[in-house]
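Step one of this worksheet: look at the structure below.
The basis for the numbers below is simple: all heavy atoms, side chains too, and nothing from hydrogens, waters or symmetry mates.
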Amino acid sequence: LHDLIHVYDPQKPFYPYIATPLILSAVRRADRIIAVSRATYQDLVKFVKNDDRILSKTRVIPNSIDPDFAEPVADPSFL
């Protein structure tokens, strides 16, 4: 789960009416849920109204890059 922006900060006034049932359906059916930040997790807590069935299968795992895709910095003073 990247964010709940369509619910809590929508660009269009009708987004929450579309996004809310879709997101609720997805998190209820999911075996596991990954929140990419603590802020996203806290939004989820509020969104599902502390539903333990959903929160118990949710973990916060921040986005990161695989070290195989990172190139070493040739000159450390560059940073």
Side-chain angles (χ1 to χ4, degrees):
L1 184 63
H2 189 267
D3 60 43
L4 291 166
I5 195 167
H6 293 337
V7 175
Y8 293 121
D9 191 20
Q11 290 181 349
K12 306 281 185 187
F14 60 86
Y15 282 0
Y17 299 104
I18 296 169
T20 297
L22 293 174
I23 296 168
L24 275 174
S25 175
V27 297
R28 285 179 180 145
R29 291 180 295 116
D31 293 328
R32 302 282 187 275
I33 301 166
I34 297 171
V36 300
S37 68
R38 287 187 181 136
T40 297
Y41 179 79
Q42 291 303 319
D43 284 346
L44 181 64
V45 169
K46 181 171 60 171
F47 182 71
V48 300
K49 299 175 178 72
N50 284 322
D51 185 335
D52 286 335
R53 291 171 295 168
I54 294 171
L55 299 178
S56 66
K57 60 184 178 180
T58 305
R59 300 292 179 269
V60 176
I61 302 175
N63 290 328
S64 65
I65 187 168
D66 187 314
D68 290 340
F69 292 108
E71 293 183 23
V73 177
D75 182 7
S77 66
F78 178 73
L79 301 174

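- In terms of heavy atoms, Leu55 sits closest to Asn50 at CD1-CA, 3.7 Å.
- The salt bridge (Lys or Arg N to Asp or Glu O under 4.0 Å) analysis of residues 9-35, with sequence neighbours excluded, yields no pairs.
- Of all heavy-atom pairs spanning Pro16 and Pro21, the tightest one is O-CD, 4.2 Å.
- Hydrophobic clustering, with ILVMFWY side chains joined whenever heavy atoms are under 4.5 angstrom apart, groups Tyr8 together with Leu1.
- Sorted pairs that involve residues 55-65 and meet side-chain hydrogen bond (donor to acceptor under 3.5 Å, both in side chains), not counting sequence neighbours, are lacking altogether.
- Considering all non-hydrogen atoms of both residues, Thr40 and Ala35 come closest at CG2-CB, 4.1 Å.
- Taking a 4.5 Å side-chain heavy-atom cut-off between Ile, Leu, Val, Met, Phe, Trp and Tyr, the cluster of Ile34 extends to Ile61.
- Considering CD1 of Ile54 and CD1 of Ile33, their distance stands at 6.0 Å, rounded to 0.5 Å.
- Hydrophobic clustering (ILVMFWY, side-chain heavy atoms < 4.5 Å, transitive): Val27 and Val36 are in distinct clusters.
- Note that the NE2 atom of His6 and the CD1 atom of Ile23 stand 7.5 Å from one another [nearest 0.5 Å].
- The two residues Thr20 and Phe47 have their closest heavy-atom pair at O-CZ, 3.7 Å.
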